[in-house]
Amino acid sequence: MTAPVLAEPMVNADSICKNYGSNEVLKGIDLKVYPGEVVCLIGPSGSGKSTFLRCINHLETVDGGRMWVNGKIVGYDLKGSKLYEQSHNDVCRSRTEVGMVFQQFNLFPHMTVLENLIEAPRLVRKEKKATAVARAKSLLEKVGLSDKADAYPRQLSGGQQQRVAIARALCMEPRLMLFDEPTSALDPELVGEVLKVMKDLANSGMTMVVVTHEMNFARDVADRVVFMADGYVVEQGPARDVITNPQNDRTKAFLASVLSETAAS
Amino acid sequence: MTAPVLAEPMVNADSICKNYGSNEVLKGIDLKVYPGEVVCLIGPSGSGKSTFLRCINHLETVDGGRMWVNGKIVGYDLKGSKLYEQSHNDVCRSRTEVGMVFQQFNLFPHMTVLENLIEAPRLVRKEKKATAVARAKSLLEKVGLSDKADAYPRQLSGGQQQRVAIARALCMEPRLMLFDEPTSALDPELVGEVLKVMKDLANSGMTMVVVTHEMNFARDVADRVVFMADGYVVEQGPARDVITNPQNDRTKAFLASVLSETAAS
Amino acid sequence: TNASQATPDASAPAAAAPGTEGAGTVVVNEKAQELLPEEIKAAGVLRVASDPTYAPFEYYDTDNKTMIGYDVDFSDAVGAALGLKIEHVPATFDTILPGLASGKYDMAMSTFSITPEREKIVDFVDYLKGGSGVAVVPGNPQNITMDPLSMCGKKIAGQKGSIQSMEYLPEFSKQCTEAGQEPISIQNFPGQSDANLALTSGRVDAVVADSVSLAYQGKEAGGKFELAEGEDYEPVPTGIALGKDAGLQEAVTEATRGILDSPYYAEMADKWGLPDSVLITSDVLDQK
Amino acid sequence: MTAVSTRNGPEAKAADSYTVVKAKHPGRWLSAAAIIVVAALLLHSVFTNPNFGWDVVGLYLRDVSIGRGILVTLGLTAISMAIGIVLGVIFAVMRLSANPVVRTAAFAYVNFFRGTPVLVQLLFWFNLAALYPVITLGIPGLHLDANQLITPMTAAILGLGLNQGAYMSEIVRAGILSVDHGQTEAAEALGITRMQTMRRIVLPQAMRVIIPPTGNETIGMLKTTALVSVISVPELLYSAQIIYARSFETIPLLIVASLWYLLITSILTIGQYYLERRFARGNQRNLPPTPWQKLRRFIATHDALALKGGTR
Amino acid sequence: MTAVSTRNGPEAKAADSYTVVKAKHPGRWLSAAAIIVVAALLLHSVFTNPNFGWDVVGLYLRDVSIGRGILVTLGLTAISMAIGIVLGVIFAVMRLSANPVVRTAAFAYVNFFRGTPVLVQLLFWFNLAALYPVITLGIPGLHLDANQLITPMTAAILGLGLNQGAYMSEIVRAGILSVDHGQTEAAEALGITRMQTMRRIVLPQAMRVIIPPTGNETIGMLKTTALVSVISVPELLYSAQIIYARSFETIPLLIVASLWYLLITSILTIGQYYLERRFARGNQRNLPPTPWQKLRRFIATHDALALKGGTR
Ligand SMILES: Nc1ncnc2c1ncn2[C@@H]1O[C@H](COP(=O)(O)OP(=O)(O)OP(=O)(O)O)[C@@H](O)[C@H]1O
Ligand SMILES: Nc1ncnc2c1ncn2[C@@H]1O[C@H](COP(=O)(O)OP(=O)(O)OP(=O)(O)O)[C@@H](O)[C@H]1O
Ligand SMILES: [Mg+2]
Ligand SMILES: [Mg+2]
């Protein structure tokens, strides 16, 4: 059941199930994300969006189903017809193909911005310091923070921190970026700058899976919107269609409540 | 410079100044609030709104100017031409005339809702338990939480907690209620229920001073809107006038930014 | 009685090596030396443990580094006789005998009274015969003596592990109860000085210990307490303790015999103010 | 290949054709084996070495004077902790007082008692009469014999309790400062006075922060009581020492004492763990993960991948 | 009636006609006076009582053997703490290991050493030769004389260090668990391995939580070293004891020792306070108010009401 060779999907989730104890959070999620695509995951709180995202780079183990990323089964080495469970270090190595940006930024507070950026390349890919610094600096420039290289995270605004977090993830040169509500911990006036960086990233052809409540962003940037509820994918389709013309009742109700709050200006 | 006898103001702030160290937060605030009036304080962050509110019930001492509440000078006993500084216990006693509701609710987490409500009447006014409970129950009914009397605060949603906080303040039968951004710590879907309780309270004739960013509420309920910036009152007037037709440039800029975010639906 | 006592000329060169000032007059006792186990002879050092809280037998000099006292001089003399260097090791009283048994020390001199119980785990060589006395506050208001019945119902202290606190006092207490009186309240302290302090602070009514030591300490303490009048209680032999497995007993016995027979024995007693009544003759050693 | 039942179990797809081979974790096995071997060797050597005198241990484990020692130890711990807690609350509140003199006095107390070894303090209290044979407290006609007033047990309790009071006051103070300032403010705004606020609002909430270190202190106190053997109070260790001073069975008796200390400490530790959980539960909507739960993340291996849940 | 200068000071209005009378706070004055009187009486009695022997105290305060004792005390404290910290980190990481055997071993170590009095442990190490006269460690040809190997000083260091390791491991573990799980997760998501995460991300951040209790432990260790006097290691207290064993000036010499302990503790306390402040500053945008600053709210009285600032 591998994906077709010519348009091999970047992410191929096949009936992913996940429970926490007796709480079934994901009840069989099927989703394919193709290279260069930007997919927005939306849905009510507790519907399992974050959990699914974390399954993609194996921060959560799955209890049923298979997850392929970039053609490889997540968490296993396929040899012949046998799946060998990966060791911790192998899992870590394969994670470098996927970048992740968290809601709470999770920058390392005891390191400067630059140190945050070069830490993983140096530890994981054993890069020379000069190489890592050069890439880090160019990425900082990209997210508009060249002047903050020597600042500590606590000296930055939330929006700046989140942009550093994006740059940090990009430092590992991932082929796929995951975003878990990257703007929802930000003061409203700081949301814009982060969304702009994400938009640039999307335009540059990066494959992205974004959990977000920013309907404007979804409508403008996403190729596809996936609506999740109660552990299932309830509805999906091109962004404009789903947002402006939802078919499913749950989707309609959800969109109504979200849109009335953050009324599109 | 006392207020005219017939329409004695409930709050009469006369050139209130307040510094924190070298930081001059209030630089001479004059404000009169008449009985039954609902005044909304608006203004950018750091403009001293909270500080001014706290001066009204002497949670902050003032460094210059005088504050009268209900005809009495806050923090002092006037005998002849001498102002005797009040003892701590006297200050506490006079605070019972003013109720205050905080942004963070500040319910006592180790007590049930009912215990939260009867604590102050019993300790401060030495009320009998039965009396206090009876009043508490009727107030809980008023805020629509009769069934939550025995719940603990942590078992309630933010909106419910804030309504309990309002009821707790009302238990002391204050003549003036102060609200410091009562809805800004709430999830958007919970804001409405708290605003409704406040609206009911305003309609029942309570004098209220409300710091808020909810322009809808200000426009619908407030008699007067006061715009503060940099420790001064920059503009004030009837709610609709100030909100829809601000005169001062600062006010215009502020309202523009607030309204674009929480766009009036 | 001992013909083999070395003459000065016989061992003049060897005597210089182990000599400390006090033991200078003691010369190597070749007969004793021959009895030494090979390892000890090779090591050339004897580790001697004492609890330096027990003047005048063992305590620190005013530099608080050098251990001095009668036992120190005596063990130096034994060392000189054996041609060994003596290393003085401080230890708390109740850890000394177990330490000796486990080979932590080769020898111990801390005014140990010889008891059957102690003889089970170590060997002894007699060198004194001291009686026990009781120290009281000046004037002895409670009239306590070494008569058991004078102690009934009183608080009496001893050093933890000493024969007085472990054997005499429990025995006295039994006599009290048998005589229909209150038992003795026995208090054990880690060091002799702790017990003495408890006496001066009135915490206890009397301290039972070696009488010579108590008399000396009372004087040193500026008369804050004194040895009660009266006969010493049951003088028992005081011995040098040796580990059972160390194989030192014969050599040390020989060396001691030489010292007991020499005039130096009396000189030391004079130096530290010991009464003649505690001294013994080398005959005692032959009875073993 | 564990079956995972999902809500739509019946329609669940069959497993795909791959066989799952679990990771081996050789490092884990190696280190575990090494530790087990070392532990076994250690235990074997301990239990077969005659020097430990296990027969003697067995003999004295239930000795009646050891039993009395345990009672004294437990009693001393309980009383000293009680005094320590009461003093701790008093001095913590004093240190937060508006009055600089009161504050300084509390500060001096805490620093004095934390700054000197409790051994020295015990000796002082015990020998108080050497300093003040008669206690008058400056009151004419009052003549108390210090030794009458302060028995060895009293000296032990005073020494341990006053010392513990200094430590507890820091713990209580940390507890008080941990309570959100908003709580005090809300109480103040309701007109509740400072003392009432402290008693009814702040201290009850501070308990959550106060209890864990207090549990630790209690366990510490249990062992600190061993020090009172210097003033000849017959607690557990002293009782053991008296026996071995006579019989020279030092090691077996130290083992007897240790076993009892270990047992009591274990009971207290377990009690403390559940007390802490209870107080944490009282205060939060979601309990923070226990160390145990946090650990599970590290352990988690997964073998349930073979059977996939159904799709909709 | 203090003048308050505001930005528009020149145009400031004059005071209104009322005179402000400050509150008297009689309770404050009374309690302060009572405390000062009691403290003065106490100090007077202490300093005039000849039993304290202040002349002797003065004599011995700078005695050279006391000085040597201080050096031993400081040295023992430093070495034992160093061992304790290293062991603490090792066992804390072991307790968080994925391997149940490793975890259990660490747990057993911590509980064993926390569960028995350090006094007993010291006696054990000191008497180790009674148990194992010859240490072979199971290695053929290895014959170490336990008494040679374990001098009193070694026994002291082993006893204190191993015991401290157990306490430190709990402190370090609390520090590790205090680091936001998001940090580990972010590191994991970047592909950083667990060990690297611990070393580069978690431990550096845990320092803020680890340092304050470590400071307390160091101060505690300073005084715990007094226990090694039972095995005749000449630290500060023992040095005082051997002097009073000769001269019987017990109380003055205990005072000498206490004064030195107090002095060293005070220096360490001050050092700790500033260390903590520094680490707190490193980690937060706004420093939390110091106890001092929090106190100011309670103290605040206000007399600046007379002169009012200008209006605009
Ligand atoms: N580590 C965990 N242990 C137990 N339950 C968990 C854990 N993480 C998540 N859950 C539960 O799984 C469900 C889905 O959580 P998830 O965070 O994926 O939802 P979400 O769609 O991201 O919601 P939100 O919009 O609030 O972030 C919730 O019921 C949550 O309580
Ligand atoms: N306790 C305090 N100590 C020192 N400075 C303070 C204190 N409380 C407030 N300030 C300062 O006073 C100024 C005004 O604060 P205030 O909280 O009154 O503003 P605000 O108008 O309520 O702002 P916001 O909308 O953010 O609540 C700010 O600069 C703030 O930093
Ligand atoms: Mg989520
Ligand atoms: Mg505010």
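Letters A, B, ... are given to chains in the order of the sequence lines, protein chains preceding strands, and every chain is numbered from 1.
Panel note: side chain B:Lys18, backbone B:Thr61; a donor-acceptor pair is recorded below 3.5 Å. With hydrogens and angles disregarded, a donor-acceptor distance shorter than 3.5 Å links the side chain of D:Gln121 to the backbone of D:Thr116.
Between the side chains of B:Glu115 and B:Tyr152, not a single donor N or O lies within less than 3.5 Å of an accepting N or O. Looking only at atom types and distance, the side chain of B:Thr112 has no donor-acceptor partner in the side chain of B:Asp150 under 3.5 Å away. One side chain, B:Ser184 or B:Gln103, offers a donor N or O that lies under 3.5 Å from an acceptor on the other.
With salt bridges taken as basic N to acidic carboxylate O contacts below 4.0 Å, one links D:Glu170 and D:Arg95. Of the charged side-chain nitrogens involved, at least one lies within less than 4.0 Å of a carboxylate oxygen, so that B:Glu97 and B:Lys72 count as a salt-bridged pair.
For a residue to count as touching a neighbouring chain, one of its non-hydrogen atoms must lie under 4.5 Å from one of that chain's; by this rule B:Phe102 touches chain D with the side chain only. Heavy atoms closer than 4.5 Å to chain D are found in the backbone of B:Leu107, but not in its side chain. Interface remark: B:Val98 contributes backbone atoms only to the contact with chain D (heavy atom separation under 4.5 Å).
Of all residues spanning residues 162-173 of chain B, those with a heavy atom less than 4.5 Å away from chain D's heavy atoms are B:Arg168, B:Ala169, B:Met172, arranged by number.
Residues satisfying the side chain to side chain donor-acceptor pair (under 3.5 Å) test with B:Asn106, not counting sequence neighbours, are none.
Counting heavy-atom pairs closer than 4.5 Å to chain D, the top-ranked of the candidates B:Val91, B:Thr96, B:Leu123, B:Asn57 is B:Leu123.
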